[in-house]
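Below is one structure; the comments refer to it alone.
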Amino acid sequence: MAKATYLDAIRQAQMEEMQRDERVFMMGEDIRCNVFGTTTGFVDLFGEERVRDTPISENGFIGAAGGAAMVGMRPIVDATISSFLFPAMDQICSIIAKSRYIYGGQARLPLVLRSCLFYGNSNAAQHSDRPYSMFMNMPGLKIIAPSNAYDMKGLLKGAVRDDNPVLSFEDSTCWMNKSELPDDPDFVIPLGKGDIKREGTDISVIGVAGGVNVALRAAEQLAREGISIEVVDPRTLAPLDRDLILQSVRKTGRAICVDPAHMTCSAASEISATIVEHAFHALRAPVVRVTTPDTHLPFSPHIEKPLYPSVERIVDAARRLVGAVAPVPA
Amino acid sequence: MSIAGDNDRKIEKYRRMQRIRQFEAKAEAIHAQGEIPGALHTYAGMEASGVGACMALRDDDYMVGNHRSHGHPIAKGAALRPLMAELLGKATGVCRGKGGSMHLSDFAMGSLGETSIVGSGAPVAAGAALGAKLQGLDRVALCFFGDGASSEGAVHEGMNLAAVWKLPAIFVCENNRFGMSTPTAHAVAGENVADRARGYGIPGVIVDGQDVDAVEDAVREAVDRARAGLGPTLIETKTYRYGDHAVNMGRELTPRGPEHDEWLGRDPITLYRARLEAAGVSAADLDAIDKAVAGEVADALSFARESAYPEFEEAFDHVLVERLPIPDDVRAHA
Ligand SMILES: Cc1ncc(C[n+]2csc(CCOP(=O)(O)OP(=O)(O)O)c2C)c(N)n1
């Protein structure tokens with residue numbers, strides 16, 4: 001065990017899995033030069049055949065990862081920023097997500113497609129996307145969105161070992177967060193299992209990716225006001241650990257879904273619908289989404305920062321929800 | 001190769017072209033009677049292109065094709081029964097009834113899919129070639145795509161990737177003169193798709209797509225190059241599709257010019273039959289092949305007809321490696 005950052009957790013997970021399994025190899029733009037620090041020393045360790053710099057050709061090399069996986073390799077693709085998945089929607093949605101199905105189970109596509117959620121830092125609309133919910137609407141893909149270094153390492157290792165295509169959305173607001181990381185080479189967090197990040201009794205706050213950490217900070221503040229928050233982290237968005245979410249909401253009777261994605265059809269929307277559909281009778285108040293509004297992300301920090309879920313917005317929502325069922329003071 | 005061996009190969013090419021032609025004729029006939037759902041993109045007229053290319057491959061070489069998918073698996077040697085059953089949407093279909101006419105893909109024969117998103121197979125073929133290379137196997141990956149598909153970015157990206165990494169890939173553009181209703185000249189800049197190879201620094205070869213021997217020779221040279229580690233080749237087979245874009249489009253889509261009859265006059269099977277006869281193969285022997293193939297097709301159809309439709313649960317299988325739960329309300333009304 002040693003403390004390490006979220007980015008280093010990615011490096012460790014990739015390194016351990018590449019050491020464990022020769023079929024695992026990496027490709028992406030400029031990964032040899034290690035732009036983000038997740039491939040430090042990889043070329044020396046694994047050679048250029050297994051650490052491949054690609055042309056700027058997302059549809060090409062992401063599709064090629066699909067082809068390589070179909071013939072027995074286990075590629076990890078680093079697409080860097082999640083906005084760059086858009087040129088590859090063709091291969092992700094039509095080939096990677098569907099080949100197993102269309103061909104009646106003849107194909108198997110064990111691959112990991114990594115990209116970061118690069119929002120909150122004046123990168124303007126074309127580089128700040130949080131597009132995981134678009135892919136939640138596409139069967140055939142698993143999706144992880146870890147909120148801390150520990151989960152990042154365990155889930156990424158789980159993703160590499162999974163026989164399905166897995167999209168890993170890595171929240172850049174978590175990059176420098178540190179956790180104690182197990183060095184057990186078989187430390188793996190199973191995909192599809194959520195985690196209670198903080199126990200509480202009044203409101204379930206279900207966070208997505210970096211939204212979990214904002215929720216945890218809000219919970220601290222609300223605790224001082226006597227409001228007890230349970231923070232639920234699904235960790236995997238597909239498959240979604242609905243049972244854990246419902247279990248928490250049945251206990252607290254209230255739910256806030258915190259998601260840095262745009263509101264409409266966000267992961268928060270899906271979580272809210274799940275709660276309303278399956279835990280309606282446990283609810284003591286409406287389910288609330290705290291998300292990014294349905295506008296693009298501007299460059300100017302002055303107007304960008306207030307758009308994301310914040311401690312203040314969660315605290316406000318929590319106060320409203322608790323008040324909503326409190327007896328009106330005489 | 002011995003003369004006898006060479007002769008067997010020639011006979012095999014003839015047989016596979018006949019299989020495609022007769023398989024599709026049967027499929028069209030029963031489609032007209034409503035026995036096959038969906039559309040049928042027929043390959044008639046293009047048999048020499050697929051068979052010539054596949055005869056230059058080994059069984060363990062990879063192949064990726066497109067929506068015009070009937071010819072490719074048959075050309076590579078796939079059994080007819082599961083292909084016909086797939087057209088009928090049966091559980092015994094090669095894709096268990098989940099792919100249908102545009103996706104006849106037999107992975108046991110090295111296929112990695114017949115994908116109906118135009119152009120989307122090229123990156124997959126590059127990736128399969130990369131996988132073979134990384135595993136130290138001397139397999140190659142061949143990608144069939146159309147002249148229409150040549151305008152897709154995915155095709156460019158797949159070829160560029162294969163060229164820059166010197167992957168053992170062969171890109172075969174089957175130029176059948178149309179993309180749906182659009183004549184190639186209206187959609188493809190430059191005279192030949194194969195000319196684009198220069199841009200990637202790889203060989204670009206144009207071949208008579210109605211001559212199965214010529215196609216095989218061209219592809220064999222590309223395969224040899226690929227196996228030797230010299231990288232990909234782009235081959236353009238100049239061919240022609242007899243039928244409309246697809247059966248079941250509601251109306252004729254493809255405008256036919258005066259060249260239509262010329263192409264019909266250069267039918268790949270008729271041409272090859274004449275060549276075989278000139279080389280001493282008896283007409284009786286060839287007739288016997290035609291008849292045997294008719295038997296195979298009839299057998300495939302009986303098999304398909306006798307097969308059951310998939311269980312409803314099948315709709316939820318193979319989305320992931322794990323089986324998906326089936327929602328109660330959906331199951332209740334299935
Ligand atoms: C990405 C995409 N765009 C459009 C279509 C609709 N479509 C199906 S086949 C076809 C024509 C393809 O022409 P070509 O590649 O020359 O193949 P051919 O049908 O002539 O064999 C089109 C436009 C599609 N399937 N996929």
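Numbered from 1 within each chain, the chains take letters A, B, ... in sequence-line order. No experiment lies behind these values; they were computed from the predicted model shown.
Annotation: the span from B:Leu320 atom CG to A:Leu191 atom CG amounts to 10.5 Å, rounded to 0.5 Å. Atom CG of B:Leu112 sits about 10.5 Å away from atom CD1 of A:Ile95, to the nearest 0.5 Å. Distance check: A:Arg52 CZ to B:Leu130 CG gives 4.5 Å after rounding to the nearest 0.5 Å.
For chain B, the nearby part of A:Leu141 is the backbone; its heavy atoms alone come within less than 4.5 Å. Both the backbone and the side chain of B:Asp106 come within less than 4.5 Å of a heavy atom of chain A. Heavy-atom distances place both the backbone and the side chain of A:Asn59 under 4.5 Å from chain B. Interface residue B:Val94: backbone and side-chain heavy atoms are both found under 4.5 Å from chain A. Looking at A:Glu22, there are no atoms closer than 4.5 Å to chain B (heavy atoms on both sides), in backbone or side chain. For A:Ser57, the parts sitting under 4.5 Å from any heavy atom of chain B are the backbone and the side chain alike. Interface remark: B:Ala315 contributes backbone and side-chain atoms alike to the contact with chain A (heavy atom separation under 4.5 Å). Of the atoms belonging to A:Arg108, it is side-chain heavy atoms, and not backbone ones, that fall under 4.5 Å from chain B.
For the residue pair B:Ala132 and A:Val71, the shortest heavy atom distance occurs at N-CG2, 4.3 Å. What you find for B:Leu161 and A:Phe61 is that their closest heavy atoms are CD2-CA, 3.9 Å. Taking every heavy atom of both residues into account, A:Pro55 and B:Val164 meet most closely at CG-CG1, 4.1 Å. Nearest heavy atoms, A:Ile102 versus B:Cys95: O-CB, 3.1 Å. Of all heavy-atom pairs between B:Pro123 and A:Gly60, the closest is CB-O, 3.5 Å. Residues B:Glu322 and A:Asp162 come closest through the heavy atom pair OE2-OD1, 4.4 Å.
A side-chain donor-acceptor contact under 3.5 Å links A:Gln106 to the backbone of B:Ser105.
The environment of CG in B:Asp138 is crowded: more than 12 heavy-atom neighbours from other residues, nucleotides or ligands sit within 6.0 Å. Taking a 6.0 Å sphere around CG of A:Leu45, one finds it holds more than 12 heavy atoms contributed by other residues, nucleotides or ligands. More than 12 heavy atoms of other residues, nucleotides or ligands sit less than 6.0 Å from atom CZ of A:Arg32. Within a 6.0 Å radius of CG in A:Asp186, other residues, nucleotides and ligands contribute more than 12 heavy atoms.
Counting heavy-atom pairs closer than 4.5 Å to chain A, the top residue among B:Asn160, B:Asp317, B:Val64 is B:Asp317. The candidate with the highest count of non-hydrogen atom pairs below 4.5 Å against chain A, out of B:Val321, B:Leu324, B:Leu104, is B:Val321. Heavy-atom pairs under 4.5 Å with chain A were tallied for B:Gly153, B:Gly99, B:Ala128; the largest tally goes to B:Ala128. When A:Met70, A:Gln91, A:Glu49, A:Arg50 are compared by the number of non-hydrogen pairs under 4.5 Å with chain B, A:Gln91 comes out ahead. Ranked by non-hydrogen atom pairs under 4.5 Å with chain A, the options B:Ile117, B:Thr115, B:Leu134 are led by B:Leu134. When each of B:Lys98, B:Arg96, B:Glu86 is scored by its heavy-atom pairs under 4.5 Å with chain A, the top score falls to B:Lys98. Between chain A and the options B:Ser116, B:Ser111, B:Ser120, B:Gly119, the largest number of non-hydrogen pairs under 4.5 Å is found for B:Ser120.
Using cut-offs of 30° and 60° for the angle between ring planes, the B:Phe107 and A:Tyr103 rings count as tilted.
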